[in-house]
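Since the structure comes first, as structure tokens, the remarks are kept for the end.
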Amino acid sequence: MSNNSSFRGLYLLIFLCCFIIVFSFKCPAALDIIRYYESAQSAVQSYINVEDYVFLQISENVDFIYTSILFIFAKYGISLDIVTSLIISFYYIFIAKIICKVAETKFNKIIFLYAILSAPLVWVITISRNVAAFTLFYVAVYYLINHDFKRCLIFCILSIFTHISLIVYVLLLALSYLFEKNNVLNIRVRNIVLIAIIIIAYFMPLSLDYLNVHFSNFLSGSRYEDYLYTSRSAILETSNLGIGDKIPIIFIYLLSIILLLLDKNKSFLYWFYYFIIILLSFAIHSNIMMTQRYILILPAFIGVALFSIRSRMQSQSGYLSLSLLSICGIIIMLGGIYTYRNVFI
């Protein structure tokens with residue numbers, strides 16, 4: 001998989017698939033992406049110059065990049081689905097680049113395919129601004145793996161300018177890097193801490209909600225407060241998500257706990273995964289919106305953990321177990337896509 005032509009073929013395939021999927025997707029009017037599309041198209045009628053709109057966005061919002069790009073495309077009559085297609089393509093490409101960088105000679109197509117598919121496809125398409133920010137964040141992670149700290153910092157800043165919530169992820173990335181460099185917590189202690197927090201989160205899920213609201217208010221007034229409160233619900237209890245969403249979420253969550261307990265890796269990639277699963281442990285019992293966002297950042301880290309564990313396995317039974325888990329994950333994710341079949345042409 002290290003062959004450059006293999007990579008080029010993979011990236012071209014991702015581009016083609018993403019463009020076909022986005023242009024065949026009939027997005028329900030209630031979803032985020034339609035709101036952004038309509039806002040950009042409406043702004044075209046009010047602003048003659050691109051500069052005026054962009055400067056207004058910069059003056060009013062820290063996270064101005066995504067809305068400005070949509071406006072520019074709308075202004076010149078270019079389909080906004082092209083923006084979405086490009087964002088999703090690079091989202092998947094950098095997931096692939098991060099996994100392939102770590103997997104090296106231990107590459108396995110089944111494990112790789114599950115990692116790529118692990119985030120629900122409909123969420124990837126419709127939670128558009130977050131995915132744009134996560135894509136830039138993945139680029140930052142890729143440069144950090146390559147010890148290119150300057151470019152890593154640039155893309156971390158760009159991700160924050162795309163969605164303000166990325167401040168949390170950037171801080172966690174910095175903390176993860178510090179944990180790697182200082183060899184914080186041995187494997188036994190970190191596993192005990194993880195299990196203890198998962199248990200606490202089950203009994204105190206709303207504590208994360210309050211932190212989210214206060215942090216969002218601190219960053220941007222009350223802009224996200226209503227959104228956080230209206231999305232408050234345990235994943236298994238909510239009627240806002242169907243079975244095609246709930247089963248993949250539970251599978252990802254349980255698989256992630258198993259991977260974190262088995263993985264002996266001490267890299268910043270492991271620690272970032274660790275911190276996100278801690279946050280997900282609270283969110284999954286209390287808030288749909290936060291759960292969706294944490295799931296969307298996971299695919300690259302799931303893939304890294306799977307390949308990290310595989311590289312240390314000596315027995316064929318261990319390889320088989322990981323492959324079977326990945327096959328189960330692929331079937332579950334494809335089943336989730338099937339439940340949304342009516343939104344595709």
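Since we're looking at a predicted model, the values are computed, not measured.
- Taking the side chain as every heavy atom from C-beta outward, Ser326 and Leu306 approach each other to under 4.5 Å.
- Listed for the Glu180 side chain is a donor-acceptor partner under 3.5 Å among the backbone atoms of Phe268.
- In this structure, CZ in Phe15 is found 6.5 Å from CZ in Phe19, a value given to the nearest 0.5 Å.
- Between the side chains of Tyr340 and Asp245, at least one donor-acceptor pair of N or O atoms lies under 3.5 Å.
- Side chain of Ser85 to main chain of Asp81: a donor-acceptor pair is present (N/O by atom type, distance under 3.5 Å, no hydrogens or angles).
- The OH atom of Tyr66 sits 10.5 Å away from atom OG1 of Thr135, with the distance rounded to the nearest 0.5 Å.
- Taking the six-membered ring where tryptophan is involved, the planes of Tyr91 and Tyr138 are tilted, since the angle between them lies from 30° to 60°.
- For Asp263 and Ser308, the side-chain atoms include at least one donor-acceptor pair closer than 3.5 Å.
- Taking CG of Asn191 as the start and CD1 of Ile257 as the end, the distance is 11.5 Å to the nearest 0.5 Å.
- Hydrophobic clustering keeps Leu178 apart from Leu172 (ILVMFWY residues linked when any side-chain heavy atoms are closer than 4.5 Å, directly or through intermediates).
- The salt bridge (charged side-chain N to carboxylate O under 4.0 Å, His left out) pairs that include a residue from residues 133-151 are Asp148-Arg151, where partners are two or more places apart or lie in different chains.
- Inter-residue side-chain proximity for Val50 and Tyr76 is flagged as met; some heavy-atom pair is nearer than 4.5 Å.
- If you look at Phe179 and Phe272, their ring centroids are not closer than 6.0 Å.
- In terms of heavy atoms, Tyr270 sits closest to Asn265 at CG-O, 3.6 Å.
- Classification of the Phe64-Phe161 ring pair by plane angle, with boundaries at 30° and 60°, yields tilted.
- Side chains of Arg293 and Tyr169: a donor-acceptor N/O pair is absent below 3.5 angstrom, by distance only.
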Can you list the steps and then say if Ser128 with Tyr36 is a side-chain hydrogen bond (donor to acceptor under 3.5 Å, both in side chains)? CA-CA 9 Å; Ser128 51; Tyr36 285 116; over 6 Å; no
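- Applying the side-chain hydrogen bond (donor to acceptor under 3.5 Å, both in side chains) test to Tyr142 and every residue at least two apart in sequence or in another chain returns nothing.
- Rounding to the nearest 0.5 Å gives a distance of 8.5 Å between CG of Leu269 and CG of Leu173.
- In this structure, Lys264 and Arg312 have side chains that are in contact, with non-hydrogen atoms separated by less than 4.5 Å.
- Judged by distance alone, the side chain of Thr162 and the main-chain N or O of Ala132 form no donor-acceptor pair under 3.5 Å.
- For the residue pair Thr84 and Tyr37, a side-chain donor N or O sits within less than 3.5 Å of a side-chain acceptor on the partner.
- In this structure, Phe275 and Ser176 have side chains that are in contact, with non-hydrogen atoms separated by less than 4.5 Å.
- By the neighbour-count criterion of 12 heavy atoms within 6.0 Å, atom CZ of Phe149 is densely surrounded, having more than that number from other residues, nucleotides or ligands.
- One finds the CD1 atom of Ile125 at 8.5 Å from the SG atom of Cys18 (value rounded to the nearest 0.5 Å).
- For His163 against Ala133, the heavy-atom pair with the smallest separation is CB-CB, 3.7 Å.
- Under 3.5 Å, the side chains of Gln57 and Ser68 contain no donor-acceptor pair of N or O atoms.
- Taking the six-membered ring wherever Trp is involved, the centroid distance between the rings of His285 and Tyr202 falls below 6.0 Å.
- Residues Val139 and Lys97 are not in side-chain contact: their nearest non-hydrogen atoms beyond the backbone lie 4.5 Å or more apart.
- Hydrophobic clustering, defined by side-chain heavy atoms of Ile, Leu, Val, Met, Phe, Trp and Tyr closer than 4.5 Å, leaves Tyr338 isolated from every other such residue.
- Side chains of Ser89 and Tyr11: no donor on one and acceptor on the other come within 3.5 Å.
- Proximity of Pro299 to Ile116: side-chain heavy atoms (C-beta onward) are nowhere separated by under 4.5 Å.
- Ring centroid separation for the pair Trp271 and Tyr274 comes in under the 6.0 Å cut-off.
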